[in-house]
Participant: 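Mind looking over this structure? Questions follow.
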Number of protein chains: 2
Amino acid sequence: MGGILARKLGNFLELSGPERESLNELGRQQRHHGAREHLSLENGLSRSVCLIIEGNACRYKILPDGRRQILTLFIPGDLCGRCLPDLDLGDESVVTLTAATVAVIPRQAFAALVEEHPRLTRALACAALVEEAVHREWIVNIGQRTGYERIAHLFCELFVRLSAVGLTQGNRCELPLTQGELADALGLSAVHINRTVQQLRSDGLICLRGRELTILDFPALQSAAMFDGSYLHLPKNLTLPHGRNLEAGPGSLHGL
Amino acid sequence: MGGILARKLGNFLELSGPERESLNELGRQQRHHGAREHLSLENGLSRSVCLIIEGNACRYKILPDGRRQILTLFIPGDLCGRCLPDLDLGDESVVTLTAATVAVIPRQAFAALVEEHPRLTRALACAALVEEAVHREWIVNIGQRTGYERIAHLFCELFVRLSAVGLTQGNRCELPLTQGELADALGLSAVHINRTVQQLRSDGLICLRGRELTILDFPALQSAAMFDGSYLHLPKNLTLPHGRNLEAGPGSLHGL
DNA sequence: CGTTTACTTGAACGAGCTCAAGTGAGGTGG
DNA sequence: CCACCTCACTTGAGCTCGTTCAAGTAAACG
């Protein structure tokens with residue numbers, strides 16, 4: 001089950017054996033968390049980097065009056081807590097969504113690794129760029145899409161990301177968010193999430209029972225969401241249900 | 001008028017004389033653009049970096065059905081077009097909002113600069129992190145705030161950013177967006193922008209005539225927007241109208 | 001077996017949208 | 001210099017998507 005980070009970074013550039021091994025070393029010191037526990041990375045000066053091994057977490061921000069916005073969804077293989085320079089993160093927090101196993105990597109260990117394998121710096125920078133691209137897509141999602149489209153888009157994004165780290169079985173995956181958390185991620189109310197998910201169900205696009213999400217018709221879901229996954233910069237050969245690939249095919253989106 | 005980039009990066013860490021000079025060198029080859037002209041940075045492989053000298057631009061993304069979301073506002077001193085590694089940007093575009101002067105920096109010149117002055121790498125990475133932090137704040141803005149709050153927040157952000165590069169006069173600055181463009185940036189309709197701006201006016205928070213934006217009551221605007229500018233990571237000693245500083249004071253936000 | 005947490009449903013309300021028409025300022029050509 | 005065009009802003013009216021409030025069901029857990 002190791003090598004999850006090497007696998008992810010290997011998407012960006014070919015990694016050597018020693019590079020992969022050094023990355024795998026980082027996962028040694030693991031810690032377990034229950035659901036809804038904060039990963040306090042920002043305590044004082046000794047900020048550390050955190051690698052999600054198993055389970056899920058999210059980054060969020062809260063307004064003074066209590067409104068909450070989820071900013072990032074972390075899945076296994078993701079790093080949270082800035083790797084490269086400092087600059088305090090402000091009032092953002094990271095919390096687990098499900099029970100999770102994480103590897104806490106001291107800043108120095110990380111710095112030493114990058115020192116020894118300069119190519120990893122590039123790979124990490126790529127990962128940071130992808131994170132930024134995901135942020136942009138979320139801005140588009142929340143700013144322009146309707147509730148129905150937004151939910152469909154998030155499901156597409158999550159499913160594709162999970163399948164890139166081998167966490168899908170056929171057209172099924174785990175949805176690590178409650179409807180209330182989906183609401184906080186998409187800028188909608190929990191009630192509206194509920195009704196709109198039912199709409200997606202009755203349109204035959206998905207099946208959602210508990211945490212188990214099944215994509216019944218990926219092309220239709222993708223087209224409803226106007227989802228074009230190229231911003232995720234995943235390997236081109238990634239196979240998705242129905243033989244679809246990441247880019248929006250000519251027939252599905254631009255063809256209206 | 002030179003040194004606008006050095007000034008910005010100098011916010012993050014102290015720059016040496018030679019470092020500043022090298023940065024200023026980059027601005028030599030300038031190009032003029034009218035309003036609403038595309039800065040095509042993505043033509044083929046020879047992608048270059050673009051430094052805004054004067055005027056304004058924005059990055060945006062368009063959905064297949066024409067809906068547009070503005071993702072980033074560029075002001076003088078900003079770099080657009082990724083500086084560090086590659087990864088194609090996808091279907092994002094950059095267009096000027098006003099007439100603008102830009103310096104087009106070939107990728108190699110940029111790489112050489114970073115090679116010669118390693119500390120600049122850190123400074124550029126900081127700038128990238130701030131850009132990411134701004135993206136996050138926009139997600140919160142669009143996802144959680146009402147139209148009224150959203151507009152107020154954008155005005156706060158823009159005013160503070162402009163004042164950091166000396167482009168404000170007292171409590172006045174230029175607003176480089178039409179109401180239609182504001183709509184595309186905030187995920188609202190142009191009509192609603194219009195009505196809500198009038199609300200801000202009649203509440204005595206701002207005065208907006210043409211492109212001239214005057215902040216009549218910064219503390220009130222900041223509090224209406226729940227604006228806490230620390231995510232911009234600007235120098236602490238930045239003086240704003242009414243003697244306010246960047247962080248939300250205890251009386252304005254968290255005090256509720 | 002009672003409590004909690006997530007999901008579901010109904011009904012009324014409201015923020016923000018669309019459509020449509022009208023005003024005003026700047027620019028161009030006759 | 002005026003006529004005309006365009007583009008930004010403004011205003012009105014009706015409607016819809018999504019919200020809030022409130023209550024009820026269902027599964028998980030100690």
Side-chain angles (χ1 to χ4, degrees), chain A residues 34-37 56 63 65-70 95-99 141-154 174-203 206-213 224, chain B residues 34-37 56 63 65-70 95-99 141-154 174-203 206-213 224:
Chain A
R36 258 142 268 219
E37 280 181 30
N56 295 273
L63 293 183
D65 65 355
R67 281 174 275 177
R68 180 173 82 140
Q69 175 67 45
I70 291 179
V95 69
T96 57
L97 291 165
T98 64
N141 203 28
I142 299 177
Q144 299 300 323
R145 287 189 254 255
T146 66
Y148 188 88
E149 296 164 340
R150 264 183 242 187
I151 299 178
H153 194 276
L154 185 73
E174 192 197 341
L175 180 72
L177 302 154
T178 67
Q179 294 188 355
E181 287 156 349
L182 276 174
D184 285 348
L186 294 172
L188 296 166
S189 71
V191 172
H192 195 242
I193 292 281
N194 184 289
R195 292 196 230 266
T196 311
V197 163
Q198 288 179 52
Q199 191 74 41
L200 283 165
R201 271 196 274 244
S202 69
D203 288 349
I206 61 159
C207 171
L208 179 56
R209 274 197 312 259
R211 324 217 92 179
E212 184 185 279
L213 171 66
Chain B
R36 258 143 268 218
E37 279 180 30
N56 295 273
L63 294 183
D65 66 355
R67 281 174 276 176
R68 180 173 81 141
Q69 176 66 45
I70 292 180
V95 69
T96 58
L97 291 165
T98 63
N141 204 28
I142 300 177
Q144 299 300 323
R145 286 190 254 256
T146 66
Y148 188 88
E149 295 164 341
R150 265 183 242 188
I151 300 177
H153 194 276
L154 185 73
E174 193 198 339
L175 179 72
L177 302 155
T178 67
Q179 295 188 355
E181 287 156 349
L182 276 174
D184 286 348
L186 295 172
L188 298 166
S189 72
V191 172
H192 195 243
I193 292 281
N194 184 290
R195 292 196 231 265
T196 312
V197 163
Q198 287 177 53
Q199 191 73 41
L200 283 165
R201 271 195 275 245
S202 69
D203 288 350
I206 61 159
C207 171
L208 180 56
R209 274 196 313 259
R211 324 217 91 179
E212 185 185 278
L213 172 66

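A note on names: the letters A, B, ... follow the listed sequences, proteins ahead of strands, and every chain is numbered from 1.
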Participant: So how far is it from B:Gln179 CD to B:His192 NE2, rounded to the nearest 0.5 Å?
Facilitator: 12.5 Å
Participant: Let me know the distance between CG of A:Asn194 and P of C:dC7, rounded to the nearest Å.
Facilitator: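 Rounded to whole Å, this separation is 8 Å.
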Participant: Starting at atom CD of B:Gln179, determine the distance to atom P of C:dT23, rounded to an integer number of angstrom.
Facilitator: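 Nearest whole value for this atom pair: 18 Å.
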Participant: Kindly give the heavy-atom pair with the smallest separation between A:Asn141 and A:Glu149, and that separation in Å.
Facilitator: OD1-O, 4.3 Å
Participant: Within the 4.0 Å limit for protein heavy atoms, which parts of nucleotides 12-30 of chain D are touched? Write it as a string from 5' to 3', B for base, S for sugar-phosphate only, - for none.
Facilitator: BB----SBBB---------
Participant: Across the strands shown, which category fits A:Arg67 at heavy-atom distances under 4.0 angstrom: base, sugar-phosphate, nothing?
Facilitator: nothing
Participant: Could you please spell out the steps behind the side chain to side chain contact (heavy atoms under 4.5 Å, CB included) verdict for B:Leu186 and B:His153?
Facilitator: CA-CA 10 Å; B:Leu186 295 172; B:His153 194 276; over 6 Å; no
Participant: Nearest 0.5 angstrom please: A:Arg195 CZ to A:Leu200 CG, how far?
Facilitator: 15.0 Å
Participant: I need the minimum non-hydrogen distance between B:Leu97 and B:Arg36, along with the two atoms involved.
Facilitator: O-NH2, 3.8 Å
Participant: Quickly work out the B:Glu212 CD to D:dC9 P distance and round it to whole Å.
Facilitator: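 In whole Å, D:dC9 P lies 15 Å from B:Glu212 CD.
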Participant: Would you please confirm or rule out a distance under 4.0 Å between OP1 or OP2 of D:dT10 and any side-chain N or O of B:Arg201?
Facilitator: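 Indeed, a polar side-chain atom of B:Arg201 lies that close.
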Participant: Expressed as a whole number of angstroms, how long is the span from B:Glu149:CD to C:dA15:P?
Facilitator: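 Atom-to-atom, B:Glu149 to C:dA15, this comes out as 12 Å.
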Participant: What is the distance, rounded to the nearest whole Å, between atom CG of A:Asp184 and atom P of C:dA6?
Facilitator: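 After rounding, the gap between these two atoms is 12 Å.
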Participant: Between atom CG in A:Leu208 and atom C1' in C:dC7, what is the gap in whole Å?
Facilitator: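 In whole Å, C:dC7 C1' and A:Leu208 CG are 10 Å from each other.
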Participant: So does A:Gln198 get a side-chain nitrogen or oxygen closer than 4.0 Å to the phosphate oxygens (OP1/OP2) of C:dC7?
Facilitator: no
Participant: So how far is it from B:Ile151 CD1 to B:Thr196 OG1, rounded to the nearest 0.5 Å?
Facilitator: 4.5 Å
Participant: Taking all heavy atoms of B:Arg145 and all of A:Arg67, pick out the closest pair and write down the distance.
Facilitator: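 Smallest heavy-atom distance, with atoms named: CA-NH1, 3.6 Å.
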Participant: For A:Leu175 and C:dC7, give me the distance from atom CG to atom C1', rounded to whole Å.
Facilitator: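 Taking CG of A:Leu175 and C1' of C:dC7, I get 13 Å after rounding.
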Participant: Nearest whole angstrom, please: distance from the P of D:dC7 to the CZ of B:Arg36.
Facilitator: 10 Å
Participant: Classify the nucleic acid contact of B:Arg211 as base, sugar-phosphate or nothing, counting any heavy atom under 4.0 Å across all strands shown.
Facilitator: nothing
